[in-house]
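Order of appearance sets the numbers: ligands from 1, and atoms from 1 within every ligand.
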Amino acid sequence: MEFRLRVWRQAGPDAPGGFEEHVVREVKEDMSILEVLDQLNQDLVKEGRDPIAYESDCREGICGVCGLVINGVPHGEQRKTTTCELRMRHFFPGQTISVEPFRAGAMPIIKDLMVDRTALDHLIHSGGYVSTRIGSSPEANTIPVAKQDQEEAMDAAECIGCGACAAACPNASAMLFIGAKVSHLAKLPQGRPEAARRVMAMSGRMQELGFGNCSNHYECQAVCPKDIDVKFISRLNREFIKALFKKRN
Ligand code: SF4
Ligand code: FES
């Protein structure tokens, strides 16, 4: 198969950017869009041209670093799919495919399709962890956790921190991302003691880093490769209100 790629090229954070068109031939239907970019880069290198910068690591939907905007949609139009798992069989032969970086003020472009995701790490550092002593493994097994709580915690824990939710949101909000972290830990007894401190810290840090607030567009859930539910944003809001009361009393 053959495809025409319109790829965003930008030499650096402050350089002007624009689309560059390339035809990629001999594409197999089981190749991922990243493998098509790999093939294109090999051709560019052979021609002595600057290869396209983009990120990837696991290439199996786990690490969260590969996010690109494909035909205007973060991670592409295929539901519950990361960029690295997006296969060419989902496109029409000969189709023109636009490939852009995630766009959100808090995740600036470094070069071409590569963005700086440090803000997501800062959010985790602000509270997305458990620092209380929870004992050794056998003791942890003696703490009963209701099945529904376990399942909800594990649903939230599926977030891979890719940032697509913020890239899709018109407010560049990271509330689905922090909602998943806050809910995952608040649902488990090990995370409960720090729940109030965590939600206040993560919500405050989100504002400082330049992410916006949720105004119920639901674009975040629509593009999330792990189908994280917007109910976790409601949970985040409830945890935040509880923490406010706790602080005042
Ligand atoms: S909530 Fe979904 S879209 Fe947002 S960072 Fe987590 S996995 Fe990515
Ligand atoms: S490269 Fe790891 S999720 Fe895509």
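For Arg4 (side chain) and Ser98 (main-chain N/O), no donor-acceptor pair under 3.5 Å exists by modelled atom type. Side chain of Arg25 to backbone of Glu2: no donor-acceptor contact under 3.5 angstrom is found. Checking side-chain atoms of Asn171 against main-chain N and O of Cys214 turns up no donor-acceptor pair under 3.5 Å.
More than 12 heavy atoms of other residues, nucleotides or ligands lie within 6.0 Å of CD in Glu47, so this atom counts as buried by the packing criterion. For Arg133, the CZ atom counts as loosely surrounded, since its 6.0 Å shell holds 12 or fewer non-hydrogen atoms of other residues, nucleotides or ligands. Under a cut-off of 6.0 angstrom, the local environment of CD in Gln148 is sparse, with at most 12 non-hydrogen atoms contributed by other residues, nucleotides or ligands.
Rounded to the nearest 10 degrees, the angle SG (Cys84) to atom 4 (Fe) of ligand 2 to SG (Cys66) equals 100°.
Close approach of ligand 2 to Cys58 is summarised as follows: ligand atoms under 4.0 Å from at least one heavy atom of the residue are 1 (S), 2 (Fe), 3 (S). The contact set between ligand 1 and Phe177, taken as ligand atoms under 4.0 Å from a residue heavy atom, comprises 5 (S). Counting atoms of ligand 2 from 1 in the listed order, those under 4.0 Å from a heavy atom of Ile62 are 3 (S). Against a heavy-atom cut-off of under 4.0 Å, Gly61 is close to the following atoms of ligand 2: 3 (S). The contact set between ligand 2 and Asp57, taken as ligand atoms under 4.0 Å from a residue heavy atom, comprises 1 (S). The atoms of ligand 2 that sit less than 4.0 Å from any heavy atom of Gly64 are 2 (Fe), 3 (S). Against a heavy-atom cut-off of under 4.0 Å, Gly161 is close to the following atoms of ligand 1: 5 (S), 6 (Fe). Applying the 4.0 Å criterion to heavy atoms of Cys159 picks out, from ligand 1, the atoms 1 (S), 5 (S), 6 (Fe), 7 (S). For ligand 1, the atoms closer than 4.0 angstrom to any heavy atom of Leu176 are 1 (S). Close contacts between ligand 2 and Cys63 involve ligand atoms 1 (S), 2 (Fe), 3 (S) [criterion: under 4.0 Å to a heavy atom]. Atoms of ligand 1 found under 4.0 Å from any heavy atom of Gly163, numbered from 1 in the order shown, are 5 (S), 8 (Fe).
The residue Thr83 has no part lying near ligand 2, judged by heavy-atom distances below 4.0 Å.
Of the protein's non-hydrogen atoms, Cys165 SG, 2.3 Å is the one closest to atom 4 (Fe) of ligand 1. What sits closest to atom 7 (S) of ligand 1 on the protein, heavy atoms only, is Ile160 N, 3.4 Å. When hydrogens are left out, the protein atom nearest atom 8 (Fe) of ligand 1 is Cys162 SG, 2.3 Å; that is the closest non-hydrogen contact. Regarding atom 1 (S) of ligand 2, its nearest protein heavy-atom neighbour is Arg59 N, 3.2 Å. The shortest contact between atom 2 (Fe) of ligand 1 and any protein heavy atom is with Cys224 SG, 2.3 Å.
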Next item on the list: Start with the C-alpha gap between Thr132 and Gln190, add the side-chain angles, then the distance that decides, and say whether side-chain hydrogen bond (donor to acceptor under 3.5 Å, both in side chains) holds.
Entry: CA-CA 8 Å; Thr132 47; Gln190 294 88 344; over 6 Å; no
Check: Step by step, would you call Phe102 with His75 a ring pair (Phe, Tyr, Trp, His ring centres under 6.0 Å)?
Finding: CA-CA 9 Å; Phe102 279 179; His75 290 302; 5.6 Å; yes
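Side-chain N/O atoms of Glu194 and Ser131 include a donor and acceptor closer than 3.5 Å.
When each of Lys246, Arg198, Arg192 is checked for a salt bridge (charged side-chain N to carboxylate O under 4.0 Å, His left out) with Glu239, only Arg192 meets the rule.
A salt bridge links Arg59 with Asp38; the closest basic N to acidic carboxylate O contact falls under 4.0 Å.
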